[in-house]
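Report on one structure; see the data block that follows.
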Amino acid sequence: MFGLTRAKKAAAVLVATAAAASTALIAAPAAVAAPQPIVGGTTTTAATYPFVMQITDASQDQFCGGTLVSATKVVTAAHCMVDETASGVRVVGGRTFRNGTNGTVSRVTKIWIHPGYSDTTTGDDVAVLTLATAMPYTTASFVTSSQTGVYAAGTTARIIGWGTTSSNGSSSNQLRTATVPTVSNSSCSSSYGSQYIASDMVCAGFTSGGTDTCQGDSGGPLMIGGVLAGITSWGDGCAAAGLPGIYTRLTTYSSLVATQVAS
Ligand code: ARG
């Protein structure tokens with residue numbers, strides 16, 4: 001959910017860049033990209049992505065996303081759930097707008113957090129919620145542990161969520177989606193150093209930035225070939241050039257998740 005202080009560093013760099021561009025009188029306006037939603041992307045609906053769930057507090061204020069993988073099981077990020085209790089969380093399906101009142105609201109009967117989780121930058125950022133009420137929506141399938149080929153660098157991945165449309169910006173009222181290419185382990189290691197753990201994480205984003213998940217998108221899906229392959233986890237700022245988004249590498253956890261989904 002609300003992220004790293006390092007997000008501020010990237011935002012400060014962007015502001016400095018914008019200021020430099022505006023002092024250079026002949027700078028082309030196009031050189032300063034306008035903040036765009038998820039960051040980048042387009043509005044969409046819960047009907048288009050019925051497996052995308054809002055994870056909310058008891059007042060139905062959305063703070064993370066999740067993916068419905070069976071009628072009563074939702075995959076999300078561990079970091080979304082660490083400070084939560086089952087009684088304090090709701091899962092909302094079928095609701096396109098954060099301020100909507102439609103759809104299906106369920107209580108949570110169990111929160112499973114990966115036992116190895118301590119911080120997004122150390123991996124294991126996965127959790128599974130068990131719902132009290134079955135969701136009447138189409139579920140997403142998730143990768144099996146052997147499907148590691150889905151992350152081949154340059155593969156198109158879809159991101160979906162209600163998160164902020166710029167670093168330190170406001171959440172989107174309407175659900176948004178975009179596509180981003182997966183990034184190789186070597187490239188992501190160059191971006192993030194030892195905080196990128198290739199066994200547990202996968203990066204996605206354009207070299208030039210501009211399209212990314214951002215605060216509030218966490219826990220939501222990274223879909224590859226229509227299958228849940230990642231979970232929005234972290235990044236340094238949002239959509240900055242050379243700093244792709246980082247997603248939980250779900251193939252590493254699919255057996256554990258499958259056990260939770262079957263329980
Ligand atoms: N940690 C954020 C959240 O909790 C997600 C940040 C994703 N950042 C990125 N640059 N892709 O919502």
Side-chain angles (χ1 to χ4, degrees), residues 1-14 33 35-41 52-57 61-67 74-84 89 98 113-114 117-127 157-172 175-183 187-188 191-193 195-197 200-224 229-249:
M1 45 199 263
F2 299 96
L4 309 170
T5 51
R6 282 176 293 117
K8 291 185 180 161
K9 184 187 79 183
V13 170
L14 289 173
Q36 291 175 343
I38 232 175
V39 184
V52 181
M53 301 284 113
Q54 293 189 18
I55 297 183
T56 78
D57 62 17
D61 279 332
Q62 182 268 345
F63 62 89
C64 269
T67 304
V74 171
V75 173
T76 187
H79 82 263
C80 288
M81 290 298 134
V82 278
D83 296 325
E84 304 296 334
V89 172
R98 293 179 81 247
I113 296 174
H114 191 294
Y117 175 79
S118 60
D119 183 89
T120 53
T121 59
T122 56
D124 295 344
D125 193 11
V126 55
R158 180 166 295 282
I159 51 179
I160 311 163
W162 289 268
T164 63
T165 55
S166 62
S167 258
N168 298 330
S170 311
S171 286
S172 179
L175 185 62
R176 301 200 70 101
T177 186
T179 57
V180 281
T182 58
V183 170
S187 173
C188 206
S191 297
Y192 287 102
Q195 288 190 314
Y196 177 68
I197 302 171
D200 294 10
M201 307 173 190
V202 60
C203 291
F206 296 98
T207 307
S208 54
T211 304
D212 199 3
T213 46
C214 206
Q215 313 317 319
D217 288 319
S218 278
L222 179 83
M223 305 294 293
I224 299 179
I231 302 163
T232 300
S233 181
W234 67 284
D236 187 346
C238 303
L243 294 171
I246 305 183
Y247 301 83
T248 305
R249 185 177 292 255

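Just follow the structure's listing: the first ligand is 1, and inside any ligand the first atom is 1.
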Just let me know how [X] lines up against ligand 1, side chain, backbone, both or neither, with a heavy-atom cut-off below 4.0 Å.
X      : result
Ser233 : backbone
Thr213 : both
Pro244 : neither

Cys238 near ligand 1 by a heavy-atom separation under 4.0 Å: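 Under 4.0 Å: yes for Cys238.
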With a 4.0 Å cut-off on heavy atoms, is Gly237 touching ligand 1?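 Checking ligand 1 against Gly237, which is what was asked, there is a heavy-atom contact under 4.0 Å.
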Any idea which atoms of ligand 1 are less than 4.0 Å away from a heavy-atom of Asp212?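 So the answer, numbered in order with elements, is 9 (C), 10 (N), 11 (N).
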Hey, which atoms in ligand 1 end up nearer than 4.0 Å to a heavy atom of Gly216?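 Per the distance check, 3 (C), 12 (O).
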Side chain to side chain contact (heavy atoms under 4.5 Å, CB included) against Ala229, all qualifying residues, sequence neighbours excluded: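 By the side chain to side chain contact (heavy atoms under 4.5 Å, CB included) rule, Ala229 matches Val143, Val150, Tyr151, Ile224.
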Taking all atoms of both residues into account, what is the closest heavy-atom pair of Thr67 and Gly220, and its distance?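 Here Thr67 and Gly220 meet closest at OG1-C, 4.3 Å.
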When you compare ligand 1 with Tyr247, is there at least one nitrogen or oxygen pair between them that comes in under 3.5 angstrom?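 Such a contact does not occur with ligand 1.
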List in chain and number order the residues that pass side chain to side chain donor-acceptor pair (under 3.5 Å) with Thr122, two or more places apart in sequence or in another chain; answer none if no residue qualifies.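 Result, side chain to side chain donor-acceptor pair (under 3.5 Å) vs Thr122: Ser118.
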Compare all side-chain heavy atoms of Trp162 with those of Val52 and state whether any distance is below 4.5 angstrom.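 Result yes, sub-4.5 Å side-chain heavy-atom pair found.
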Tyr192 side chain to Pro244 backbone, donor-acceptor under 3.5 Å: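 A pair under 3.5 Å: yes.
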Considering the options Thr213, Asp125, Asp217, Asp200, which one meets the side chain to side chain donor-acceptor pair (under 3.5 Å) requirement together with Ser233?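 The passing option is Asp125.
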